[in-house]
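Below is one structure, written out as structure tokens; comments come after it.
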Amino acid sequence: MMDLTEIRKEIDQRDAEILRLFEERMHLSEQVAAYKIGAGKPVFDRKREEEKLKVLREAATGSFNAHGVEELFRHIMAISRMRQYQLMAGRGIADVLEDYATIEKLPTDGARVVFQGVEGAYSFAAMKQFFGDAISSTHVETWKEAMEQVAEGSADYAVLPIENTTAGSVLDIYDLMLEYPNYIVGEEILEIRHTLMAIPGTDLSEIRTVYSHPQALSQCRRYLEAHPEWKQVKMPNTAMAAEKVAADRDRSQAAIASRYAAEHFGLQLLEENGLSMDCNSTRFVILSRQKRFAASAGKISICLELPHQCGSLHNILAHFDYNDLNMTKIESRPIPDRPWEYRFFIDFSGNLQEPAVRNALRGIAAEAVSLRFLGSY
């Protein structure tokens, strides 16, 4: 038996040979790309690849090697496709985003903005934080109504929550984005910081009842435990709690809500810090019916459906890897009427003007069953 040093020398020799053969194969792939460009053929030929993988599996020795050979050649074929997409992009192949407009900045002055909830709620705060005061705003009861107003043109933008650091994704929003032809054009991350408020002139010692949303009461549990004499009353949301306290003008009542709610309803902050120890933020998306993106945009969201077969997700994710793009989020949602099949919602870093981004999207569009572009922001 050879010693370890000799074995490693043999491995190095094989690796050098594999490298040489790999580069030869890539050169042949470039010739294939040139032929396909001339003939107008697509890069991805799923049937051809599956037939080739079957032949390679059957030629391998033993089941372990057969599986390994399949994995190896799936990678090699994916790399080959990435290179072919690059070559096609360099020769003017049609882009998948030709109808998207680039603008210097979003037009927001005088914009009509809709949010779900009531004035003083966290959605209201996110809207104010993103747009400022030079807008007109309306509020609706449901997220669906907000999407409808944007889609039909009665609002320019909608502000909707999509993710929370403690509660996770707001999955209904993902479904609504596929139901309506609206696009993400911005995002706002709002720190959820609970405060205790009452009518002006109230002293903390006068409080006997606290109103808030159940989740806010739960997040402030430790603070409230220090005041066992206070009765806790649940409300549909924090802003409605603040609105009730402001309307009742009762110095024995307080609300737990945002400081934005206190400002909006003219309430006095009794406690601003230390109510909740949770690090809690919510990400809101800004939606528009216009297909456009700001030149400075640095994030992209897409939704795709994949063939229900082995390796399909791997093939798609390879486009991010080989184009050096950072995928920041992936979320799956079941496809109605197709049991155990899923759509994938993906966020990744990049700008639509970057060749790597367009190359990745071109490849994904070619290999996915469907691709829906959700926005650049």
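Between V245 and A198, the closest heavy-atom pair is CG1-CA, 4.1 Å.
Salt bridge R283/D347: present, at least one basic N to carboxylate O contact under 4.0 Å. Look at R338 and E305 and you find a salt bridge, because one of the NZ, NE, NH1 or NH2 atoms lies within 4.0 Å of a carboxylate O, short of that distance. For the pair R20 and E24, the salt-bridge criterion is met [side-chain N within less than 4.0 Å of a carboxylate O]. Using a 4.0 Å cut-off between charged nitrogen and carboxylate oxygen, D175 and R333 count as a salt-bridge pair.
Here the two rings, on F320 and F348, have centers that are under 6.0 Å apart.
Atom CD of Q31 is surrounded by more than 12 heavy atoms from other residues, nucleotides or ligands within 6.0 Å. Within a 6.0 Å radius of CZ in R8, no more than 12 heavy atoms belonging to other residues, nucleotides or ligands are found. Counting non-hydrogen atoms of neighbouring residues, nucleotides and ligands closer than 6.0 angstrom, the CD atom of Q13 exceeds 12 such neighbours. With a 6.0 Å radius and a threshold of 12 heavy atoms from other residues, nucleotides or ligands, H227 has its NE2 atom above the threshold. Surrounding CG of D12 are more than 12 heavy atoms belonging to other residues, nucleotides or ligands, all under 6.0 Å away.
Side-chain contact of Q129 with Y260: a donor-acceptor pair under 3.5 Å is present, judged by distance alone. Remark: the H308 side chain and the E341 side chain contain no N/O donor-acceptor pair separated by less than 3.5 Å. Side-chain contact of Q290 with S288: a donor-acceptor pair under 3.5 Å is absent, judged by distance alone. The closest side-chain donor-acceptor pair between Y157 and T108, if any, does not fall under 3.5 angstrom. Side-chain contact annotation: Q84 with R81, donor-acceptor N/O pair under 3.5 Å absent.
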Inset, instruction - Verify salt bridge (charged side-chain N to carboxylate O under 4.0 Å, His left out) between E10 and R14, making sure each step is shown before the conclusion. - result: CA-CA 6 Å; E10 291 285 337; R14 301 304 185 277; 2.9 Å; yes
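Residues passing the ring-ring contact (aromatic ring centres under 6.0 Å, His included) test with Y174 are F345, sequence neighbours excluded.
No cation-pi contact links R193 to Y122, judged by a cut-off of 6.0 Å to the six-membered ring centre and 45° from its axis.
The aromatic rings of F373 and Y100 stand perpendicular to each other, their planes meeting at an angle above 60°, with 30° marking the opposite boundary. Taking the six-membered ring where tryptophan is involved, the planes of Y223 and W230 are tilted, since the angle between them lies from 30° to 60°.
Y85 OH to I364 CD1: the interatomic distance, rounded to the nearest 0.5 Å, is 9.5 Å. The structure places CG of L361 at 6.5 Å from CG of L371, a figure rounded to the nearest 0.5 Å.
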